[in-house]
There are 2 protein chains.
Amino acid sequence: MAGKVLDLSETLNKKPLYEQIADSIEEAIIYKGEAASKLPSEMALSAQFGVSRTIIREALKLLQARGLVEIRVGGGAFITKPESEDVSELLLRIVQMDRIEDKDVYEIRIILEVAAIREAAARISDKELELLDSQVDGMEAAKGDLAKRVEMDCEFHCLIAKYSGNSMLSLLVESMTGVLRKFIIAGIKSPGGNEDGIEKHRAIIAALRTRDPEAAVQAMTAHLDRSWNNVRSQMSLFNQSN
Amino acid sequence: MAGKVLDLSETLNKKPLYEQIADSIEEAIIYKGEAASKLPSEMALSAQFGVSRTIIREALKLLQARGLVEIRVGGGAFITKPESEDVSELLLRIVQMDRIEDKDVYEIRIILEVAAIREAAARISDKELELLDSQVDGMEAAKGDLAKRVEMDCEFHCLIAKYSGNSMLSLLVESMTGVLRKFIIAGIKSPGGNEDGIEKHRAIIAALRTRDPEAAVQAMTAHLDRSWNNVRSQMSLFNQSN
DNA sequence: CAAACACAATCTGTACGACAGGTATACAGA
DNA sequence: TCTGTATACCTGTCGTACAGATTGTGTTTG
């Protein structure tokens, strides 16, 4: 009679406290949180949820890995939006652990970027074309600086995806870029790959300028096919000499 | 003169201990770990790395969120491979927080699945065609059980992606399925959507059986276009009545 | 008056100890 | 041989304590 009442909610909530708290905070972030705003301190959250600071910290670690918060030492936890970079990291791990073949990964690049440029060609503005121009100018200027050259190359392709007008497509292309970076580097390092790449990028812009989707697709396909050949030869060389 | 010697290693290692430990364990998992194998206990890791159990626990939380380990109460931490489900969760958060439009998301589905079926048509085996048949049989049998019907529908599309022979494409289609689930549900719930879907799936198999890529693409496109119309009308209804 | 410096409050990082509760293994008994 | 129980092991949770980083404030100085 005087026994404790069975708490069924606890029977179902097998999940440890730190996960429940993490999910609870995540929900609050997604539905009510503004980016860059500061979360209460660990002490405050501890009091607010009625759990120890340990739990709050472990929950924040989960959220940090989910890309939802950024924790600054001595500063606090700030809300951040998960980005394509987070997707890239995750995909990269899967690619490595599942030993997904290079050609399979590169083929996705072709599928996505061809789809992107097809849509971009029909809707790109003059201003956006100019931005692409200056991007290639930057690539040419950074011809000697591999890191910068690579970064601007990646940005070029991401820009086209952005100009497709499809945010999801843009997100995926950006995510794939993180996975593809090693290929892009190999392509630039391959004999003549640096100059050839720049030339092909200009051809892509020229095709876009005609607003003819199929011409743009063809220019992009030509670039990616050539690039893949360069990548393959460069990487097989690397593997042999390694 | 008697000032402390600058410790450059510490200058570079700005990252907190728990992150360093997490990265260290991650590297070990990726390069030397076998799936399902058990990690040392928190106490053992604590001693091994020379840090407190607190740090180990927080590091494990990071790895848990990265999809690299699964922590069982009283059992221990086990190595797991990150899966498409993890990608789905991440993409779903981004889609929600960035308010990416439904049509943009659905369009990616079309792009990926059309690419998948094009490759699958050229290489699918008789046995795989039979498996697709039985999958649709299952969908028909589960016509009344929405949850099961949805799951088998998703599996059907993932199977085709798998039969494309491209692991990366398969991964992305599976990941997108997690994001698209609400659309698939809406499509089935729309008037006639359930039966129509099953019929269209059979048409897809028939097209695949001819091994004609373009015929298969057309069947898939017809299905996805029709489905999208159903989804839109169903979701706008839902939104109005909500 | 303004700028730079110093101090104080706040917050995260890290460590240690303790106990509850879940899991699995090994041993004993039927 | 099978079953059930006891035990060792392991994660979950809590509390305290202190170091180090950051930020804001107030004072001092040019």
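As the structure is a prediction and not an experimental result, all values here were calculated from the model.
With respect to the salt-bridge test (charged N to carboxylate O, under 4.0 angstrom), the residues B:Glu70 and B:Arg72 qualify. Between A:Arg181 and A:Glu151, at least one side-chain N (NZ, or NE/NH1/NH2) sits under 4.0 Å from a carboxylate O, which counts as a salt bridge. A salt bridge between B:Glu26 and A:Arg93 is present, with a side-chain N of the basic residue lying under 4.0 Å from a carboxylate O of the acidic one. Classification of A:Asp86 and A:Arg66 as a salt-bridged pair fails, no side-chain N sitting under 4.0 Å from a carboxylate O.
Rounded to whole Å, atom C1' of C:dT10 lies 12 Å from atom CZ of A:Phe78. Here C:dT14 presents its P atom at 14 Å from CD of A:Glu58, a figure rounded to the nearest Å. When the P atom of C:dG21 is taken as reference, atom NZ of A:Lys14 falls 13 Å away, rounded to whole Å. Between B:Ile21 atom CD1 and C:dA15 atom C1' the separation is 14 Å, expressed in whole Å.
Checking B:Lys61 against A:Gly75, the closest nucleotide of DNA chain D that is more toward the 5' end is the one next to B:Lys61. Nucleotides of DNA chain D nearest to B:Arg72 and A:Gly74 differ in position, and the one nearer the 5' end is that of B:Arg72.
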Apply side chain to side chain contact (heavy atoms under 4.5 Å, CB included) to residues A:Ile55 and A:Glu19 and explain how you reach the verdict.
CA-CA 9 Å; A:Ile55 299 301; A:Glu19 275 196 27; over 6 Å; no
Stepwise, does the side chain to side chain contact (heavy atoms under 4.5 Å, CB included) test hold for A:Cys158 with A:Thr177?
CA-CA 8 Å; A:Cys158 290; A:Thr177 297; 3.6 Å; yes
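Side-chain atoms of A:Tyr106 and A:Ser227 form a donor-acceptor pair, as typed in the model, at a separation below 3.5 Å. Side-chain contact of B:Glu174 with B:Ser84: a donor-acceptor pair under 3.5 Å is present, judged by distance alone.
The backbone N or O of B:Asn194 lies less than 3.5 Å from a partner atom in the side chain of B:Arg149, making a donor-acceptor pair.
Of all nucleotides in DNA chain D having an atom under 4.0 Å from a heavy atom of chain B, the first and last in 5' to 3' order are D:dC10 to D:dT13.
Of the residues in residues 41-55 of chain B, those with a non-hydrogen atom less than 4.0 angstrom from any atom of DNA chain D are B:Ser41, B:Glu42, B:Arg53.
Taking five base pairs at each end of the helix from C:dC1-D:dG30 to C:dA30-D:dT1 and finding the rotation axis that steps the C1' atoms of four pairs onto the next four gives two axes whose angle is 10°, to the nearest 10°.
Exactly one residue among A:His201, A:Gln135, A:Lys162 makes a side-chain hydrogen bond (donor to acceptor under 3.5 Å, both in side chains) with A:His157. That residue is A:His201.
By the 4.5 Å heavy-atom criterion applied to side chains, A:Leu129 and A:Ile124 are counted as neighbours.
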